[in-house]
Structure formats: C-alpha cells, structure tokens
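Structure first, then comments.
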Amino acid sequence: MRTLELWTDSFHEGEWFMHNIKKLCGASSCHYIHNFIPSYTVELDPANNIEMIVYGSYKSWENIPSKINTLLEMGKPDIILYERESDEIILAIEETAAVPTGNQALQRCERIFGSAYLKIPFIYLLPEYGLHKDGNVRRASIWPTLLGLKLSLQFQVPSISLLYSDIDNPEDYSKGTGLDMLFQYTYYLIKQHLGVMDKSEYQKLTALTTDIITEMCAFVISQFDKIIRFFPDLLRFKKKAFAILLAHRILDKESKDVDITIDKFLLWPLTKDRGIPAEFKDVSLGAINNNDFLLAIDDCVRKNKGYVLSQGVGTRPQSKKDISGWFKIQSAFSKQLNLPYKKPSADLKKTDKGNYHITTSKNITYLIDALEDIDNAYAAAFPQHGLSLNKLLINTAALPVFLYICNSLKPRRMFGDPFTGQFAAFANIFCYSGTYRKIRNAIIYLPYQSAGCFYDKDKKLTRNKGTAIYSLLADIVICNDGYVVSFQDKGKLYGKENTL
DNA sequence: GTACGACTTAAGGCACCGGC
DNA sequence: GCCGGTGCCTTAAGTCGTAC
C-alpha cells in the first residue's frame, strides 16, 4: 500500500481535505499514530488502497522533507500532498474565504508562482463573490486567474484557480463549481501520480482540465474591464481551441507544441506599437507627495512613452506618531551600512482627519517602453550616485520596463503579504512571455525603505520570502535616496560608495 | 458642476509562532 | 517576556458613474 502525506498549516485543513476526498473514494478508516497523528486508509478504487497521513502545522515537525521546505520559502500553501517514497510533491492547494478587495486579492500569488516554478501542480480555491464589511458584494480579481493560465503555459504544469459561491450567496462553498472541481481534479492527480489511471479516466481528466481552463478564460473575459482599461489577448481567451491546447500542454509534457503563437500569450504591448487608446486619456497621474523620480516617470506617460494599468488609485495615510517612529528605524537600518537616510524634503500632505499621506506617485504600476527613460529619470533624481541603470542592466538594457512602486514606510513590511504576492503576479505577467522568455525588466522602487532593510548585521542579503521572490523575478530594487540592490547581481548594493 | 454613494486601491493591524 | 517574521484581514481615502 502506497503512503501519501498531507502537510498542512493546521489539522483542521487536513481534516477538511480528507472529508472531501473520501466522498470520491470507497471505504475508508482512520486511526491515530502516537495517539494524535491521523492516518487514513482509503480505497482509491477497488484495486488500490492508499494510506494518507495528516501532518498539521508545518513547523511542528522535524522530518519535514527538503522539497516541502524549498516550496515553503516562496510562501506557504494551505495543503501540500507529498509522497516520501518517490520524494515527489503531488499537489499544493491554497484555499481562502477572503473578500477580494484591493491588493489583498493578489497576496497569495507568490505561492502560485513558486509552485509552478518548481513544477508542482497548484490549485487555488477562492470565492467568486465575497461580502465586504460595508455590506456590499465584491467579485474576484482577474490577476490570480491570469497568472495561473500563464504559468500553466510556461511551466507545463497545472496552475488553476477555481471559484465558488454566486452573487446571491457570497462566500458559500456549496454554490458554484469550485469545490467539486477541486476534489475531482485532486482525485485524478493522485491516480495519475500512482500510475493507476486507466484510459477512460485519462480522457475524463483531459475533459475536466479543458473545462477548468475554459471557465478560467470565461471569468477573465467577463471581469477584466472592471479592473483594467485594456486587455491584450481577448480573442485567444474566447477560443475553445486555446483551452484544448493548454490542457494538452499541461497533461502531455512529451508533446511537441504546434502552436507557435504561445510565446505571444498575454503580451502587454509597447505604447509606440499600439498608441494610446481613448480609454487611457483620462488616466490619473501625478503625485500626492512630491517625488522627482516618479514625476519624471509620469512625464514619460504623458509623452506616450509608457502607460499605467490601474483603474482608480489608492492611498493609505498613517498617523504622525507612527510615521516618525518608522523614519527612526529606517535611519537606523541605513546607519548599519554607513549610508544616509533621506526623508522627504517637504512635509507629508495632511488629510482631513489629521493623518498624513505617505503616497508618492498615485499609480504603483507602470509599463515603460524604454529602460533609457527610467535611466534618465533616475540620473536626474539621484545624480549623487553617478550610476547608469543602462550599464547596471547591461544584459537586458534593450528590454522595456515594468516599474513597481511600494510606498510602504514600515521597515521590511514590503517583504511580506500583500506586496510580495502582488509583485510576483505582475512581474510574471508583464515581464515573461508564454514560454518564460524574459521580455521586460522588472524594477522595484521603494521610496522610503532603506537599502539597509535588505541586509543582516553581517551585511549579507537577508533571507525571507521577499528576497526569495525578488531573486527570481526582480532585476533591481531602487531604495531610499537612490541606493540600488541588484538582483541581477545576487543582491549587491550599488551607490556612490559602491560598497557591499 | 456638484453632491452622493458604490466601488477600488494600497497601506498597516494584528494574531500567531518561534527564537532568544 | 519580547521581538521579528509571516500571513490573513481591515480600513482611510481616492475614483467615478449618476442624478439633478
């Protein structure tokens, strides 16, 4: 009898998984190892029994397999299904009831990316409709679904998002197709992994995969215009042939693709190639708090050298007391590296309620046609360093740029949720082609974060979820006062001192 | 044009946990 | 006990459509 291990954040999630997967199987029984570790024997089909052991709370165990540890470095999925005998992760699952508001909808995307990057199948189960605290219903974001489709194509591994609930029953598991599809798909993946899948079941798996992709595409088509002003690949998303092709690519890794347009999947064009459509004309530019670098980037957009995608912008003001405390800690981080810390030259703008805006640029995502324009803006705003971004990024200097801004002031906050997930989603979607060919530079700008936040007391790059993701997806990070951490150069710090 | 309110965004709060 | 990292969730304030 083969034994599978269920690694979860809590026993509760393990029990939830077993409760649902058992429904698709024959007889089952449960006993407890050492009186507390649940071990199920499940009749997968009349010819195959399997044992499933539930390990709750990842960090409580000493024998955690190294493959699971590697996956956890890029974010913690709720459930990981693993077989020790073959040392293979069969599947990772993320399950949430969170209402999709703002960047929260993107906060789990680094897990989606991490799994696909490690060629591990991933299923994300989330509500299509959620009840917001204001009493109104919100519909899910398109970004996790877009990311899943792109990753499935790039890494030839299932990365799917499944939706539950409906508009009249927000957050209700029993509505919609998501929950049923999750466990049906899981059941097939287990059988496929164990090599006990017959031909008719493989056909059913193919049909199910095609259905899931069709639903993911349909969801994006019905929802994109609520979230972005422009969507680049609509025709493909409407074609059933694409769902069939992608299902085939995911399930039959030996197959040679015949569709040479895969590389152009979801390609975000240059302004100079497509011009500025009318819907971009009224886009909101400008800064709340003055920032020379970002004002120059806004100018690029005004001159048709790039565009922004956000629809509506947000600001999250903070109290004066918190702000001054965080500035002190940021300064201390800079001091550790003997760097200056530069506060904004003018006072932060005050809100009606007496808080202060920390927002610089109102948009946090820019797609800029040429690195040269970013380089010019950088050189004008931070002349003291004498740095050329064109030279720093010499291997990718010909590529356009995705610029991500995080105005977070609280030290090291940007390494955690929701920022890491948001960056991971955008960096993959904007900066890599359908065959995972790099097509844009990914540049992060953190106006308030000291470069010192990136290093420990021994001046080594800190190891956390943020730096793990940046190492894979970011080219450079521009920190406070223009100091640059280069992830093309293993986290080396650049500035006028040219130190680390 | 402006007032309103439904809706979106972007930031930290906070609970939990592990190391010291 | 405190402190820092992580991850789920809350919320200040801006946006934008609509009605007058």
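Each chain gets a letter, A, B and so on, in the order the sequences are listed, and its residues count up from 1.
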Please determine, for the side chain of A:Pro317, which listed nucleotide (B:dA10, B:dG13, C:dA13) has the closest atom?
C:dA13
Mind calculating the distance between CZ (A:Phe423) and P (C:dG7) to the nearest angstrom?
17 Å
Can you tell me which residue pairs pass the side-chain hydrogen bond (donor to acceptor under 3.5 Å, both in side chains) test with a partner in residues 120-129 of chain A, sequence neighbours excluded?
A:Glu128-A:Arg139, A:Tyr129-A:Arg139
Any salt bridge between A:Lys305 and A:Asp373, counting N to O under 4.0 Å?
yes
Salt bridge or not for A:Asp417 and A:Lys465, using N-O below 4.0 Å?
yes
Can you give me the N/O atom pairs linking the protein to nucleotides 8-10 of chain C at distances under 3.5 Å, or say none if there are none?
from	atom 1	to	atom 2	distance (Å)
C:dC8	OP1	A:Arg111	NH1	3.4
C:dC8	OP2	A:Arg111	NH1	2.9
C:dC8	OP2	A:Arg111	NH2	3.4
C:dC9	N4	A:Gln107	OE1	2.9
C:dT10	OP1	A:Lys133	NZ	3.1

Check the orientation of A:Trp16 and A:Tyr173. Use parallel for under 30°, tilted for 30 to 60°, and perpendicular for over 60°.
tilted
Mind checking if A:Asp322 touches a base, just sugar-phosphate, or nothing, with heavy atoms under 4.0 Å?
sugar-phosphate
Is the closest side-chain heavy-atom distance between A:Asn289 and A:Pro447 below 4.5 Å?
no
On DNA chain C, compare the nucleotides closest to A:Pro411 and A:Asn355; which residue's is nearer the 5' end?
A:Pro411
Is A:His357 touching bases, backbone alone, or none of the nucleic acid, heavy atoms closer than 4.0 Å?
sugar-phosphate
For A:Tyr436, ring pair (Phe, Tyr, Trp, His ring centres under 6.0 Å) partners two or more places apart
A:Phe155, A:Tyr432
Restricting to nitrogen or oxygen on both sides, can you table the protein-nucleotides 1-6 of chain B pairs closer than 3.5 Å?
none

Could you state the CD1-P distance from A:Ile142 to B:dT8, rounded to the nearest angstrom?
12 Å
Can you classify the ring geometry of A:Phe402 versus A:Phe426 as parallel (below 30°), tilted (30 to 60°) or perpendicular (above 60°)?
perpendicular
A:Ile329 CD1 - C:dG5 C1' separation (whole Å)
14 Å
Between B:dA11, C:dG14, C:dG5, spot the one nearest the side chain of A:Ser408, thanks.
B:dA11
Using OP1 and OP2 only, check whether a side-chain N or O of A:Lys362 sits under 4.0 Å from C:dT15.
yes
Nearest whole Å is fine: how far is B:dG13 P from A:Ile323 CD1?
11 Å
Residue whose nearest DNA chain B nucleotide is more 5′ - A:Lys410 or A:Arg139:
A:Arg139
From CG of A:Asn407 over to P of C:dA13, roughly how many Å is that when rounded to an integer?
16 Å
Give a yes or no answer on whether the side chain of A:Asn169 reaches the backbone of A:Asp172 with a donor-acceptor pair at less than 3.5 Å.
no
Pairwise 5' ranking along DNA chain C for A:Gly466 and A:Ile288, keeping only the more 5' one:
A:Gly466
Side chain A:Asp475, main chain A:Asn441, donor-acceptor under 3.5 Å:
no
My understanding is that only residues two or more places apart in sequence, or in another chain, count here; which of them pass side chain to side chain donor-acceptor pair (under 3.5 Å) with A:Gln107?
none
Euclidean distance, atom NZ of residue A:Lys226 to atom P of C:dC16 [Å, nearest integer]
15 Å
Give the ring-plane orientation class for A:Phe423 versus A:Tyr404, where under 30° counts as parallel, over 60° as perpendicular and anything between as tilted.
tilted
Is there a donor-acceptor contact under 3.5 Å from the side chain of A:Asn480 to the main chain of A:Leu446?
no
Nearest-angstrom distance from the residue atom CG of A:Asn289 to C1' of C:dG14:
14 Å
Counting only side-chain heavy atoms from C-beta out, which of C:dG7, B:dA11, B:dG13 sits nearest to A:Trp326?
B:dG13
Measure the distance from CG on A:Asn464 to C1' on C:dG4 and round it to the nearest whole Å.
11 Å
Can you build the contact string for nucleotides 15-20 of chain B? Use B for base contact, S for sugar-phosphate-only contact, and - for no protein heavy atom under 4.0 Å.
---S--
Before giving the answer on side chain to side chain contact (heavy atoms under 4.5 Å, CB included), spell out for A:Tyr40 and A:Val54 the whole-Å C-alpha distance, their side-chain angles and the decisive distance to 0.1 Å.
CA-CA 8 Å; A:Tyr40 291 83; A:Val54 179; 4.0 Å; yes
Under 4.0 Å between any heavy atoms, over every strand shown, what does A:Thr351 touch: base, sugar-phosphate, or nothing? Just pick one.
sugar-phosphate
